[in-house]
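All remarks here apply to the structure that follows.
Atoms within each ligand, like the ligands themselves, are counted from 1 in listed order. Just so it is clear, the structure is predicted and the values come from calculations on it, not from any experiment.
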Amino acid sequence: MADKEDPKKGKRSKGTSKEVCGYPLSIFFIVVNEFCERFSYYGMRAVLVLYFKYFLRWDDDLATSIYHTFVALCYLTPILGAIVADSWLGKFKTIIYLSIVYAIGQVAMAVSAIHDITDTDRDGTPDNMTFHVVLSMVGLLLIALGTGGIKPCVAAFGGDQFGDHQEKQRRTFFSVFYLCINGGSLLSTIITPILRAQNCGIYSKQKCYSLAFGVPAALMMVALVVFILGSGMYYKAKPQGNIMLDVCKCIGFAIKNRYRHRGNQYPKRKHWMDWAEEKYEKLLIAQIKMVLKVLFLYIPLPMFWTLFDQKGSRWTLQATTMNGDFGLLVIQPDQMQTVNPILILTLVPVMDSLIYPLIKKCGLNFTPLKRMTVGMILAALAFVCAAVVQLQIDKTLPVFPSASQVQLKLLNMGNKTVTVQLQDNEPAILAPAQVSDEYFVFDTDQITVLATAGSTTVHRGISFTKGKRQKLLLPLDLNKEWVQIDDLNSKPEEGNNAIRFVNGKNAEVNVSSAVANFGIIQPFHYSNYSLIKNGKVTFNLQSGSESCEYSRDFGFGSSFTFLIPNNLTFGQNCQEEITSAEDIKPNSVHMALQIPQYFFITAGEVMFSVTGLEFSYSQAPSNMKAVLQAGWLFTVAIGNFIVLIVAELAKLPKQWAEYVLFASLLVAVCIIFSIMAYFYTYIDPAEIEAQFKKVDDDDEDDKSKQQKAEIEMVKRDSVSSSEDDEKSK
Ligand SMILES: C[C@H](N)C(=O)N1CCC[C@H]1C(=O)O
């Protein structure tokens, strides 16, 4: 395929590349490709941790570490893709080849999730787990290489399609590009969890991870086909040799040469890179200066992503302690994350067509770097909102025992009133089948108990385990064994409710429901906890030939112990007769309160990330566009690593304090960034390169012309910041 004419010269590319409303038609194929690719990536990511946990049977820690390592890897590999594209294959071929690698990786994931492949005994579980682990790890490596490798190329390749006269359109392209990322992300994070929840299999039906990975694999193939379909219309900039090697050598030479000429007798040079002039072309030196200036500006940026990426961890955990009942819709904690792409889809058009033009009308020059600064402040504000919400939640959370405390509830299984005195406390009076309302708190593990029922009085010293919440089951006959049972010591995970039954009857009782089976409970004994989602549940209680039903509405994150009383009659229903102990209250702070923090972080993302994407393109020299995109994505990878490190190091006792810490860190980083941004001079790389090239073309020996270009460079470097603002418009 012949390369098309350079659009930088302001002409449209020759051949079939048409324009629609001032936009090159080829852009259509690129944005559709990005949509499908992001669907594939985010869809696979949405079910990955669950696949590790429930299919590969890894524990939480291993699953989380491998997950974050994979995500970080996906944002590290762009460097590799960018080097290959800019210096060897060109962006077009790099995208094609790495998309094939990517699709193979997705297929490997889908195959690795077919349990039937190694389920020789046909019991529904894979028998050769090594096969599944190895195949899925190979798949993930290929995906990380593919997704990361093509990411900087696709964005930069899209930017390449515009001519110099189409700057406005190019800016809109980056917004539409971001919309496609989030459209794909939104759809896939809704669809793949639904696919995963289906049952499939040949020998036995299991959760369908293969379908949840298979559909993203198919979408990646669609992405590739769409991209190839547009191939006749693209402008394809030629790779310019091993540019990265030249860059490294040039920088190395400048450092060495500077060191060799370190004495006072050598005249100073304007820039340390000018020490490479003896050996390298001035154009290359000018290009390296442009890249280094932008990369230096990137140093504070990972902090934004550190906060941003906690949506999937800290904020989701926060949501598990909240009430997700929205009336018609019940939102699960991890589903709250879809608020981010939904808001992106609304905020990007609003910003582009309303807010930015309005700011411009007010005469304010909202430069890219100013936008990014405001984006950071908004992200910090989001974390202040998260801290305020956390304070509200903390007020409603149960106080669990400290390591030196014991918390104790009493439960009367008998049919007489019992008076119980614990240590020197006021005596508690418990009617038949009654549970004490609150936990008694002790700072000792040896507690003396004096219990009286009718004419029977029993005095016992009982050992408890410090740091635990327990229940003491007082039997029908106080002289018999007193059973101690452990209550939950933390909120049930993922907004589930932890339910169990205590059988106070003198006969076995079988308790079952549509969502959980408690099995046969022995007389004066208890069942294990079962986790139940929110909503109404009807329990069926059966003892011999008698049975009855008990229904109950559950919220989010509660824990109940239900007591089957000694004198249960098994009438039509046991609704009035079952006693319940609310050990952990349901979450009462509504999940809607997280919307402001999602709004601020997403508004911040639009200002920071969409602008940063475009800024990285516009400020990069022509032969290093993809490299700077990779540099931009590298800030995402570092941000993810900081999350891992800070989460380990800063173990603050209060979650709200951690949110405030992150907000303060970002504000501090934002101040540093705004100072750096103040001194940044916006450039037009094409113009600078053209001047250097013109000098070469006109007269190789005419040094004065070359000097003109250099002077232009120097002038640019010293232009005042107010002029920069003008230019950046
Ligand atoms: C899903 C996010 N809103 C988003 O668009 N991104 C997060 C990291 C960068 C960007 C992406 O390219 O996926």
Which residue holds the protein heavy atom closest to [atom], what is that atom called, and what is the gap in Å?
atom                    : value
atom 13 (O) of ligand 1 : Tyr42 OH, 2.4 Å
atom 10 (C) of ligand 1 : Tyr178 OH, 3.6 Å
atom 5 (O) of ligand 1  : Asn182 ND2, 3.1 Å
atom 8 (C) of ligand 1  : Tyr75 OH, 3.6 Å
atom 12 (O) of ligand 1 : Lys151 NZ, 2.8 Å

Taking atom CH2 of Trp88 as the centre, report whether more than 12 heavy atoms of other residues, nucleotides or ligands fall under 6.0 Å from it.
->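 Check fails, neighbour count at 12 or below.
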Other residues, nucleotides, ligands: >12 heavy atoms within 6.0 Å of Phe70 CZ |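 Counting other residues, nucleotides and ligands, CZ of Phe70 exceeds 12 neighbours.
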Are the aromatic ring centres of [X] and [Y] under 6.0 angstrom apart?
X      : Y      : value
Phe162 : Phe173 : yes
Trp315 : Phe383 : yes
Phe157 : Phe227 : yes

Residue among Tyr617, Phe615, Phe608, Phe174 satisfying ring-ring contact (aromatic ring centres under 6.0 Å, His included) with Trp632 |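 For Trp632, the ring-ring contact (aromatic ring centres under 6.0 Å, His included) test succeeds with only one of Tyr617, Phe615, Phe608, Phe174, which is Phe608.
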Which of the atoms of ligand 1 are close to Asn340, meaning less than 4.0 Å from one of its heavy atoms?
->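 Selected atoms, number and element: 1 (C), 2 (C), 3 (N).
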Below 4.0 angstrom from a heavy atom of Ile181, which ligand 1 atoms are there? Numbered from 1 as shown, please.
->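 Near Ile181, meaning under 4.0 Å from one of its heavy atoms, ligand 1 has 5 (O), 11 (C), 12 (O), 13 (O).
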Kindly confirm or rule out an N or O of Glu605 lying under 3.5 angstrom from an N or O of ligand 1.
->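 Between Glu605 and ligand 1, an N or O pair is found under 3.5 Å apart.
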Just distances here: any N/O of Arg38 and N/O of ligand 1 closer than 3.5 Å?
->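 Between Arg38 and ligand 1, an N or O pair is found under 3.5 Å apart.
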Verify, without hydrogens or angle tests, whether Thr316 (side chain) and Lys311 (backbone) share a donor-acceptor contact under 3.5 angstrom.
->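 Yes, the answer is positive, given that a donor and an acceptor are paired below the 3.5 Å cut-off.
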Which value, rounded to the nearest 0.5 Å, describes the distance between Phe673 atom CZ and Tyr298 atom OH?
->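 OH of Tyr298 is found 9.0 Å from CZ of Phe673.
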Side chain or backbone of Phe177 under 4.0 Å from ligand 1, or both, or neither, by non-hydrogen atoms?
->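 Answer for Phe177: neither.
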Does Tyr41 come within less than 4.0 Å of ligand 1, judged by its heavy atoms?
->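 Not so, Tyr41 does not reach ligand 1.
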Proximity winner for atom 9 (C) of ligand 1, if only heavy atoms of Trp305, Trp632, Phe308 are counted |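 It is Trp305 that holds the nearest heavy atom.
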